[in-house]
*Asks:* 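To start, I am sharing the structure in question, which I have written as structure tokens.
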2 protein chains.
Amino acid sequence: MLLVDDHPMVVEGIRQMLLPETDLRVVAQANGGEQALELLSAHPEVRVVLLDLSMPGMSGVELARAIRAGWAEVRVLALSMFHDHATVAEVLEAGGAGYVLKTASRAELSTAIRQVAAGRTYFSQDVADTLLQNLQITASLETPGPPAITRREREILQLIAREHSNLEIAEALFISERTVETHRRNLLTKTKCKSAVGLIQYAIRHNLLA
Amino acid sequence: MLLVDDHPMVVEGIRQMLLPETDLRVVAQANGGEQALELLSAHPEVRVVLLDLSMPGMSGVELARAIRAGWAEVRVLALSMFHDHATVAEVLEAGGAGYVLKTASRAELSTAIRQVAAGRTYFSQDVADTLLQNLQITASLETPGPPAITRREREILQLIAREHSNLEIAEALFISERTVETHRRNLLTKTKCKSAVGLIQYAIRHNLLA
DNA sequence: TAAAAAATACGTGCCAGTACGTAGGCCCGG
DNA sequence: CCGGGCCTACGTACTGGCACGTATTTTTTA
């Protein structure tokens with residue numbers, strides 16, 4: 001397997017934790033996305049990539065996508081400190097086969113790797129809970145309708161976050177101020193927020209700000 | 001020294017990285033603040049505590065304060081993924097003797113520990129940069145005045161973030177709506193924001209929301 | 001204890017944001 | 001071809017936030 005993390009301490013820790021597991025061999029380790037791809041080319045025998053999500057430069061999710069695109073048979077196991085909806089969903093979309101929190105013990109980590117290597121999936125308990133919540137949300141929304149933020153709405157949201165007034169936003173996007181107001185109202189309705197204050201937090205929680 | 005981190009992988013990694021450094025002995029390791037304090041009582045020979053800032057339950061900063069209060073001779077070396085102004089400043093106020101990023105190499109880590117153990121301080125390059133920026137800000141503000149957010153202002157900010165109106169905030173804090181407006185105005189001035197929208201982002205960037 | 005900072009409070013006035021209603025043009029999929 | 005989602009757009013009305021000025025009391029700090 002290939003180990004990708006920009007923290008030497010974590011890399012060393014995982015290496016050490018896996019030493020007793022003689023069937024799991026750490027073939028190589030990388031400190032960034034680009035290096036990981038190079039190593040993947042040089043080591044065709046790699047079957048599992050254990051990668052940290054938060055890395056400078058190419059993010060873990062981007063790397064996951066790149067791996068999926070170029071090495072379809074390689075299984076990606078995500079490693080992260082967080083388990084928020086947006087991130088977990090991104091990893092799944094990127095084709096991740098599993099998601100382990102950094103609080104995982106040696107036992108959990110090795111189990112996860114074996115599961116993933118065997119073609120199955122693995123998710124830490126908290127991550128699984130997040131997934132279930134997502135499913136419930138998705139399910140409960142089958143009846144009324146999924147409040148998905150559209151492209152245009154996201155644009156407006158980003159400009160709101162930069163403290164622009166409706167008029168400024170209108171001029172920036174070459175549309176009428178009335179239109180901006182409408183988008184704004186729709187955003188408030190969809191997010192169930194009372195004002196722009198809540199909107200900003202929604203945007204941040206869902207990673208909608210570039 | 002005592003090692004405090006809720007991530008087994010990191011603990012194991014640091015242990016392993018320090019093994020070759022025969023003069024640095026890891027006496028014990030804890031997964032949370034409470035456990036760390038117990039271990040500190042049981043191991044009076046501990047001179048340095050290397051602690052992660054992000055832990056469930058008692059935060060790293062709280063633990064640092066507790067250590068400073070009860071074991072004045074023990075030196076605290078903070079370990080963190082981030083180096084934002086607010087966090088670094090908090091650690092310093094809490095009496096931290098150093099601040100190392102998790103991206104640190106084995107060499108940097110051992111240097112940091114030796115420095116701190118010897119009564120000196122150590123800060124990773126990026127952290128030092130942050131500190132310098134802070135100093136420059138502080139220095140440049142000696143003329144006009146340092147815009148520090150007060151306790152009361154922080155309370156109001158948190159309620160604003162929860163989408164409460166001025167009137168609601170006033171009722172919640174048993175003060176006049178006018179007073180809330182004044183605090184709000186002062187916050188806008190201090191943060192150089194145009195509206196509550198910017199305020200929220202300021203609050204999030206500076207970790208002012210519980 | 002005196003000076004400085006923080007918290008409290010009021011008034012006046014403007015405008016941006018919000019609520020609510022309505023509607024036409026566009027494009028996609030059934 | 002038509003329904004539905006999206007983007008576009010207008011009008012009316014209300015109100016909460018914000019600007020600007022001023023001032024007293026309490027707490028902290030020097």
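Only heavy atoms go into these numbers, but all of them, side chains included; no hydrogens, no water, no symmetry mates. Below, chains carry the letters A, B, ... as their sequence lines are ordered, and counting in each starts from 1. Quick caveat, the model's predicted, so the values are computed rather than measured.
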*Asks:* Go through the structure and list residues passing salt bridge (charged side-chain N to carboxylate O under 4.0 Å, His left out) with Glu171(A), not counting sequence neighbours.
*Replies:* none
*Asks:* Is Val48(B) close to Val74(B) at the side-chain level, that is, under 4.5 Å between some pair of heavy atoms?
*Replies:* no
*Asks:* Are side-chain N/O atoms of Gln115(A) and Thr121(A) paired as donor and acceptor at under 3.5 Å?
*Replies:*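 Short answer, no.
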*Asks:* Report the C-alpha separation of Asp5(B) and Lys102(B) in whole Å, then their side-chain angles, then the decisive distance to 0.1 Å, and conclude whether the salt bridge (charged side-chain N to carboxylate O under 4.0 Å, His left out) test is met.
*Replies:* CA-CA 12 Å; Asp5(B) 196 312; Lys102(B) 282 203 174 170; 3.4 Å; yes
*Asks:* List the residues meeting salt bridge (charged side-chain N to carboxylate O under 4.0 Å, His left out) with Asp6(A), not counting sequence neighbours, and say none if there are none.
*Replies:*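 Expected list: none.
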*Asks:* Would you kindly compare Ala196(B) and Arg151(B) by the position of their nearest DNA chain D nucleotide and give the one closer to the 5′ end?
*Replies:* Ala196(B)
*Asks:* Assess the side chains of Thr189(B) and Asn186(B): does a donor N or O sit below 3.5 Å from an acceptor N or O?
*Replies:* no
*Asks:* Using the heavy-atom set of chain B and a strict 4.0 Å cut-off, write down the first and last nucleotide of DNA chain C that makes it in, 5' to 3'.
*Replies:*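 Contact boundaries, 5' end first: dA6(C) to dT12(C).
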*Asks:* Using modelled atom types and a 3.5 Å cut-off, is there a donor and acceptor pairing between side-chain atoms of Glu163(B) and backbone atoms of Ser195(A)?
*Replies:*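 Flag set: sc Glu163(B) to bb Ser195(A) pair under 3.5 Å.
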*Asks:* Look at atom CZ of Arg47(B) and say whether more than 12 heavy atoms of other residues, nucleotides or ligands are closer to it than 6.0 Å.
*Replies:* no
*Asks:* Not counting sequence neighbours, list each pair that qualifies as a side-chain hydrogen bond (donor to acceptor under 3.5 Å, both in side chains) and has a residue in residues 63-80 of chain A.
*Replies:* Ser80(A)-Tyr99(A)
*Asks:* Regarding Glu153(B) and Thr150(B), is there a side-chain donor-to-acceptor distance under 3.5 Å anywhere?
*Replies:* yes
*Asks:* Note down the inter-axis angle between the two ends of the helix from dT1(C)-dA30(D) to dG30(C)-dC1(D), five pairs each, to the nearest 10°.
*Replies:*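 Taking five pairs per end, the axes differ by 60°.
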*Asks:* Under 4.0 Å, heavy atom to any atom of DNA chain C: which of residues 156-185 of chain A qualify?
*Replies:*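 Within residues 156-185 of chain A, the residues near DNA chain C are Ser165(A), Asn166(A), Glu181(A), Arg184(A), Arg185(A).
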